[in-house]
Each structure stands twice: as structure tokens, then as C-alpha cells.
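What follows is a single structure, written as C-alpha cells, with notes after it.
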Amino acid sequence: MTVLVTGAAGFIGMHVAKALLDRGERVLGIDNLNAYYDPALKLARLAEIEGRNGFSFDRLDFADRDAMAAFDAAHPDIDRIVHLGAQAGVRYSIEQPFDYLQANLMGHLVMMEMARARVSRGLKHFVYASSSSVYGANREIPFSVDDRVDRPMSFYGATKRANEAMSYSYASLYGIPTTGLRFFTVYGPWGRPDMSPWLFTDRILNGRPIEVFNHGQMRRDFTYIDDIVAGVVAALDHPPAGSAESPPIATYNLGNNSPVALLDYIKVIEAACGKPAELIMKPMQPGDVLETYADIEASRRDLGYQPTTLIEVGIPRFVDWFKRYHAI
Ligand SMILES: NC(=O)c1ccc[n+]([C@@H]2O[C@H](COP(=O)([O-])OP(=O)(O)OC[C@H]3O[C@@H](n4cnc5c(N)ncnc54)[C@H](O)[C@@H]3O)[C@@H](O)[C@H]2O)c1
């Protein structure tokens with residue numbers, strides 16, 4: 001049988017597709033290769049997996065109902081869906097909220113409809129990406145899946161929280177085994193150009209100053225891509241059963257459970273680059289939160305999730321990859 005991976009040309013999607021291929025699964029990847037960041041990077045990621053036994057790719061917009069209906073009809077063998085495609089990024093959601101509405105709300109509904117139509121035909125699991133951004137103004141740390149998530153600080157976070165509510169309704173109405181994964185600041189080789197590991201590395205290597213928001217008074221639970229991939233695959237293998245009282249739906253944090261102060265993290269990037277950073281201190285940005293910190297007890301208990309990569313290990317791997325990718 002076959003796993004459908006959306007956002008397969010994206011950072012996490014490519015790595016998840018690769019891990020599934022590595023264990024002998026058949027993987028269908030879809031992505032619209034949009035220009036939110038350089039599509040050349042998306043094509044280069046695809047080149048990592050295209051040609052592998054068991055992989056095929058379609059350039060498709062998953063928010064396009066007609067295109068998805070045709071795709072759905074052509075692929076009766078899909079028995080699991082890993083929906084990782086989305087319009088990501090906190091800051092851009094303040095500038096372009098409609099892109100988020102289209103990809104994250106319309107797109108999520110189209111994907112859930114596909115799952116609904118298949119559940120009677122043997123769909124085993126619908127796994128989708130949520131985000132630590134759903135915790136928004138939550139001040140309880142570490143962030144637990146039992147905490148309040150009704151105060152998103154960005155429209156991006158609001159769309160991810162909406163995905164969770166939408167998924168609950170479909171799991172409840174149609175019995176679709178569903179798992180939502182709240183990722184915490186994922187980094188590593190093939191990462192995203194709009195995220196700080198890339199932005200900082202790029203500027204340090206090229207001798208340009210970096211902007212440090214809230215004067216560096218922030219902490220992030222940076223999570224290495226291999227740990228995230230292990231969590232996604234473990235989640236895929238554990239569809240929630242549900243019970244007479246509750247629908248078959250689960251939500252997990254996939255974080256590192258070890259937040260790092262922004263200035264310490266910059267020191268690790270400086271060491272990996274072998275160059276000091278020039279810092280420009282800036283005020284807090286709209287939409288940002290002071291700290292993210294994942295409580296991973298439930299993920300550990302139910303999925304065996306156990307992140308192992310310290311930033312002192314993961315950041316040099318990212319910087320090495322970055323230099324190779326840019327032939328520096
Ligand atoms: N990277 C992180 O730190 C992080 C943190 C929290 C949540 N997430 C979530 O994880 C998922 C994967 O994130 P990522 O970092 O790999 O982002 P990414 O931007 O690299 O990957 C997303 C992919 O989805 C594709 N896409 C977007 N809209 C589409 C559409 N309508 N149809 C088809 N393809 C479409 C994009 O072209 C892109 O390749 C996203 O849902 C994101 O919101 C990521």
C-alpha cells in the first residue's frame with residue numbers, strides 16, 4: 001500500500017518521504033512548488049528522492065478540489081496520508097493572511113475530504129502538521145497538549161489551531177483515525193530559508209549583521225530534523241483507536257524538550273561557521289512568542305518519541321550542509 005505525503009518538496013516533507021522510502025514504503029508526493037521561497041531549493045530536495053524505487057511525484061495544489069478529485073481517483077492504493085504541506089511562517093502570515101486561508105484552511109478541508117471518502121475503503125491514518133504556534137499566549141511551561149490553545153498570537157497559529165478543530169470534527173463525524181503533530185522549530189540540512197538557522201548562517205558566512213529580536217531575550221525548543229522524522233514515522237505507525245466516548249484522534253508535541261536561549265544558540269552557529277556574528281538588537285516582532293518548550297511526555301509514552309540531537313551536534317550538521325549546498 002501507499003503513503004501520500006503532501007508538501008513533499010518541503011523541508012520536513014522531503015525528509016519524511018525519504019525515511020518512508022528507506023523502509024521500503026511506496027510514497028506518492030505532491031507539492032505545488034510555490035514561490036514562498038526559492039522553488040529551486042524545493043526542486044533540489046525533490047532530486048534527493050526522485051528516481052528512488054517506490055517514489056512518484058505530482059505537482060499539484062492540494063487546495064484545488066477538482067485537481068485533487070482527479071488525483072484521488074487515479075490512486076486507489078493510498079492507505080495513509082501524511083499532510084505536511086502548508087503555508088508556513090509566522091511573520092509572513094501577518095503580511096499575507098489570505099495565502100494561509102487558502103493553503104491551510106481550504107487545503108486542510110480538501111485533504112480531510114479525501115480522508116473521509118477513503119475511510120470506508122481502508123484508509124488507516126490521517127496524520128497532519130500542526131505547530132507550537134497554537135500555544136500563542138500560553139505562559140505555562142513546558143507546553144502540554146492539555147494546555148489552553150485558544151490564544152494564537154499570529155494568523156499562522158490561528159490556522160493551525162483551526163486545523164486541529166476541523167480534524168476533531170471529521171474524526172468525530174466519520175471515524176477517521178487522525179493524528180495532529182505540533183512541531184517545535186525544526187532545523188537541519190535542507191531547512192527553510194525563512195528560518196533563523198538559515199538566515200543567521202547566511203549572514204555570518206557572508207559577513208553581514210544579523211537582527212536579534214527582543215534583544216535576544218527569547219528561548220526556542222529547537223528540534224533536529226532526524227528527531228522530527230522519527231516522531232512523524234512513529235506517529236504514522238500508531239493510529240489512535242478511539243473509544244465509545246472519544247473519537248479516534250490524538251495530538252502530540254514533537255519538540256526537543258530543551259529550550260535554548262537565542263544568544264547561546266547564536267554562539268553555536270558562530271562556532272560552526274568559524275566566524276563571529278555582528279548583532280543588531282531589535283524589539284520584539286509582532287506575532288512572536290518569548291519561549292517555546294515542548295512537554296513530550298505523551299509523545300514518549302504513546303509513540304516512543306525520544307529526541308537525541310543537541311544543537312551542538314545539529315547546528316554544525318546544518319552549517320556543513322549549507323556550505324555544500326551553496327558551494328562555499
Ligand atoms: N519547520 C518548522 O519549524 C515547523 C514548525 C511547526 C510546524 N511546521 C509545519 O510543518 C509542515 C512542514 O513545514 P516545512 O518546514 O517543511 O515547510 P515548507 O514550506 O518547507 O514545506 C511546505 C511545502 O508545502 C508546499 N505547499 C504549500 N501550499 C501548498 C498547496 N496548496 N498545495 C501543494 N503544496 C503546497 C510548499 O510548496 C512547500 O514545499 C507545515 O505544515 C508547517 O506549517 C513546521
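Atoms within a ligand are numbered from 1 in the order they appear, just like the ligands themselves.
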Check your understanding: Does Arg182 have a non-hydrogen atom less than 4.0 Å from ligand 1?
Key -> no
Exercise for review: Give every residue pair that meets the ring pair (Phe, Tyr, Trp, His ring centres under 6.0 Å) criterion with at least one member in residues 244-263, sequence neighbours excluded.
Suggested key: none
Practice item. Can you figure out which of Ile30, Ile12, Val110, Leu181 has its heavy atom closest to atom 13 (O) of ligand 1? Key: Ile12
Check your understanding: What protein heavy atom sits nearest atom 32 (N) of ligand 1, and how far off is it?
Key -> Phe62 N, 3.0 Å
Exercise for review: Quick one: look at Lys42 and ligand 1, take heavy-atom pairs under 4.0 Å, and tell me if it's side chain, backbone, both or neither.
Suggested key: side chain
Practice item. Could you say whether the N/O atoms of Asp61 and ligand 1 ever approach to under 3.5 Å? Key: yes
Check your understanding: Do any nitrogen or oxygen atoms of Lys160 lie less than 3.5 angstrom from nitrogen or oxygen atoms of ligand 1?
Key -> yes
**Study point:** Inter- and intrachain pairs under ring pair (Phe, Tyr, Trp, His ring centres under 6.0 Å), touching residues 44-79, at least two apart
**Key:** Phe62-His83, Phe71-His75
Exercise for review: With atom 9 (C) of ligand 1 as the reference point, say which of Phe11, Tyr187, Tyr156, Tyr37 has the nearest heavy atom.
Suggested key: Tyr156
Practice item. Can you figure out which of Ala86, Ala9, Ala103 has its heavy atom closest to atom 22 (C) of ligand 1? Key: Ala86
Review point. Which one of Leu84, Asn32, Asn104 has a non-hydrogen atom at the shortest distance from atom 40 (C) of ligand 1?
Key: Leu84
Check your understanding: What part of Ser130, side chain from CB on, backbone N/CA/C/O, both or neither, has a heavy atom under 4.0 Å from ligand 1?
Key -> backbone
**Study point:** Distance filter under 4.0 Å to Phe183 heavy atoms, resulting ligand 1 atoms
**Key:** 5 (C), 6 (C), 7 (C), 8 (N), 9 (C), 10 (O)
Check your understanding: If two hydrophobic side chains count as joined below 4.5 Å and joins carry through other members, does Leu263 share a cluster with Tyr265?
Key -> yes
Practice item. Identify whether the distance between the nearest side-chain nitrogen and carboxylate oxygen of Glu291 and Arg220 falls below 4.0 Å. Key: no
